[in-house]
2 protein chains.
Amino acid sequence: MSRDISERRKRLLAELVEAGREQSTATVMFHTAVSALMGLSPTDYKAMDLLERFGPLTAGELAEHAALAPASVSGLIDRLERRGMVRRTRDAADRRRVIVELTLAVGEASRYTIYGDLINGLNEIYATYTDEQLETVLDFLRRSAAVQREATARLPAELPEP
Amino acid sequence: MSRDISERRKRLLAELVEAGREQSTATVMFHTAVSALMGLSPTDYKAMDLLERFGPLTAGELAEHAALAPASVSGLIDRLERRGMVRRTRDAADRRRVIVELTLAVGEASRYTIYGDLINGLNEIYATYTDEQLETVLDFLRRSAAVQREATARLPAELPEP
DNA sequence: TTATTTAGTTCGGCCGAACGAAATATATGC
DNA sequence: GCATATATTTCGTTCGGCCGAACTAAATAA
């Protein structure tokens with residue numbers, strides 16, 4: 001490992017900062033556009049995401065994950081149910097509980113209409129890489145995701161007063 | 001190029017799908033947490049992002065980019081100005097126009113308090129790669145950002161009825 | 001100069017979504 | 001079995017943010 005950084009590497013690092021920022025912006029804009037397309041408020045979109053990632057949840061669990069009051073979650077489920085995006089089921093074991101799960105329709109729409117172009121485009125990119133390059137990209141994706149999760153967790157509770 | 005795909009490559013591609021999804025989720029959650037930290041509604045956060053990316057904008061330009069009515073933008077600027085995040089200036093050339101620009105305070109907070117951990121973490125990742133690997137990552141970031149922008153643009157105006 | 005257009009603000013009304021409190025239904029402990 | 005605890009819903013209220021309409025100020029055209 002050389003002690004000082006080559007010009008090439010300096011340039012690379014600078015370009016990576018810029019490219020990373022643009023990637024991040026593109027990701028956020030894509031998700032914003034999808035939520036607009038689904039006609040969902042940020043809260044409702046977030047709830048859909050939670051259900052996708054953690055599978056069926058009870059109303060209470062949803063309230064906890066989304067940091068909402070129970071009453072708010074009832075309304076939220078009503079809205080999503082009205083659009084046919086989720087289904088309410090009573091828990092057979094504890095009939096006070098309401099289980100909320102995504103309907104099939106949402107999964108289908110996601111896979112084809114919504115994520116189709118994105119998935120195809122990414123596959124086209126991957127097709128141009130060697131296995132070794134794919135390993136590098138995979139490693140980077142995993143580690144940068146971890147870094148982002150840590151950075152999220154470490155954000156201060158409040159912004160210091162200027 | 002071999003006609004069929006090796007087992008290793010199949011596994012890699014499957015893992016990349018998963019890792020890409022997690023990366024995307026981590027990005028969205030980071031931005032959500034930052035907007036919560038700043039105490040900004042999604043609309044206000046988006047406006048801040050527009051100002052960061054495109055530099056100072058007039059109220060009208062902001063209205064167009066954010067797809068808001070002029071009246072809504074007046075209120076939006078009021079809110080951000082009250083928090084000291086943006087500044088209103090009259091355009092000297094056309095004194096009807098109001099130029100909205102970020103205040104310095106925001107830039108400082110961004111660089112240190114907010115993005116600090118993220119930037120450090122990414123740099124640590126980069127430090128473990130060779131120049132060639134960095135080239136691969138850079139290429140991937142650029143091309144995947146482009147793919148995401150295209151996918152965003154191609155999203156249908158409405159979801160097909162199921 | 002006067003009339004017209006343009007940029008932004010103010011005002012009033014409206015709507016969606018969040019909340020606390022009270023109500024309902026079910027489960028659990030004694 | 002009855003009292004108490006838990007999960008969710010219903011109700012009424014509040015609040016923030018968006019909008020259209022009317023208004024002000026400045027630029028441009030006639």
Side-chain angles (χ1 to χ4, degrees), chain A residues 31-51 54-102, chain B residues 31-51 54-102:
Chain A
H31 281 269
T32 303
V34 170
S35 75
L37 170 60
M38 291 182 164
L40 295 180
S41 72
T43 304
D44 292 8
Y45 187 69
K46 185 179 174 185
M48 293 291 290
D49 178 57
L50 291 170
L51 290 170
F54 300 133
L57 296 173
T58 67
E61 289 166 340
L62 204 46
E64 191 153 359
H65 280 107
L68 288 174
S72 313
V73 172
S74 284
L76 184 153
I77 301 172
D78 286 346
R79 292 192 297 274
L80 294 178
E81 203 175 32
R82 240 181 277 126
R83 292 168 183 271
M85 291 178 156
V86 306
R87 196 186 355 256
R88 264 190 176 93
T89 329
R90 283 280 160 188
D91 183 340
D94 181 345
R95 296 181 32 73
R96 293 168 305 177
R97 288 194 160 88
V98 164
I99 295 172
V100 187
E101 56 189 345
L102 295 181
Chain B
H31 282 269
T32 303
V34 170
S35 75
L37 171 59
M38 292 182 163
L40 295 179
S41 72
T43 304
D44 291 8
Y45 186 69
K46 186 178 174 184
M48 293 291 292
D49 177 58
L50 291 169
L51 290 170
F54 300 132
L57 297 173
T58 66
E61 290 166 339
L62 205 46
E64 191 153 359
H65 279 107
L68 288 175
S72 311
V73 172
S74 284
L76 183 154
I77 301 173
D78 287 347
R79 291 192 297 274
L80 294 178
E81 203 176 32
R82 241 180 277 126
R83 292 169 185 271
M85 291 178 156
V86 306
R87 194 183 0 254
R88 265 189 175 93
T89 330
R90 284 277 160 192
D91 183 341
D94 181 345
R95 296 180 30 74
R96 292 169 305 178
R97 289 195 159 85
V98 165
I99 295 173
V100 187
E101 57 189 346
L102 295 181

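Naming: A, B, ... by sequence-line order, numbering from 1 per chain.
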To the nearest angstrom, the CG-P distance between A/Asp94 and D/dT6 comes to 12 Å
When rounded to the nearest 0.5 Å, the distance separating CD of A/Glu64 from CG of A/Leu57 is 10.5 Å
CG (B/Leu76) and OG (B/Ser41) are apart, to the nearest 0.5 Å, by 7.0 Å
Whole-Å distance, A/Arg82 CZ to C/dA17 C1', equals 11 Å
Picking from D/dA26, D/dC18, D/dG17, the nucleotide nearest the side-chain atoms of B/Leu68 would be D/dC18
* Asked: Hey, does B/Gly60 reach any base, or is it just sugar-phosphate, or nothing, if we go heavy atoms under 4.0 Å?
  -> sugar-phosphate
Among D/dT8, C/dG20, C/dT9, the one nearest any side-chain atom of A/Val98 is D/dT8
Ranking D/dA26, D/dG20, D/dT8 by distance to the side chain of A/Thr58, first place goes to D/dT8
Presence of A/Thr43 side-chain N/O under 4.0 Å of C/dA18 phosphate oxygens OP1/OP2:
yes
- When we call it a touch if two heavy atoms are under 4.0 Å apart, what does B/Ala71 touch: a base, just sugar-phosphate, or nothing? base
Separation of D/dT8 atom P from A/Glu61 atom CD, nearest Å, is 8 Å
Rounded to whole Å, the NZ-P distance (B/Lys46 to D/dC18) equals 11 Å
Atom CD of A/Glu81 and atom C1' of D/dT8 are separated, to the nearest Å, by 13 Å
Side-chain atoms of B/Ser72 come closest, of D/dG17, C/dT26, D/dC18, to D/dC18
Would you state whether a donor and an acceptor, one from the side chain of B/Arg96 and one from the base of C/dT6, lie under 3.5 Å apart?
yes
note: A/Arg79, atom CZ; D/dT10, atom C1'; distance rounded to Å ~ 15 Å
Original post:
What nucleic acid atoms does B/Arg88 come within less than 4.0 Å of, heavy atoms only: base, sugar-phosphate, or nothing?
Top reply: sugar-phosphate
When A/Ala59 and B/Ala93 are each assigned the nearest nucleotide of DNA chain D, the 5'-most assignment goes to A/Ala59
B/Arg97 CZ to D/dT28 C1', in whole Å, measures 12 Å
B/Asp78 atom CG is separated from D/dC18 atom P, nearest whole Å, by 12 Å
Review point. Is the number of heavy atoms from other residues, nucleotides or ligands within 6.0 Å of CZ (B/Arg88) greater than 12?
Key: yes
A/Arg95 has its side chain closest, among C/dA17, D/dT8, C/dT26, to C/dT26
When A/Ala92 and B/Arg90 are each assigned the nearest nucleotide of DNA chain C, the 5'-most assignment goes to B/Arg90
So NE2 of A/His65 and CG of A/Asp49: to nearest 0.5 Å the spacing works out to 11.0 Å
Value for CG (A/Leu51) from CD1 (A/Ile77), rounded to nearest 0.5 Å, stands at 8.5 Å
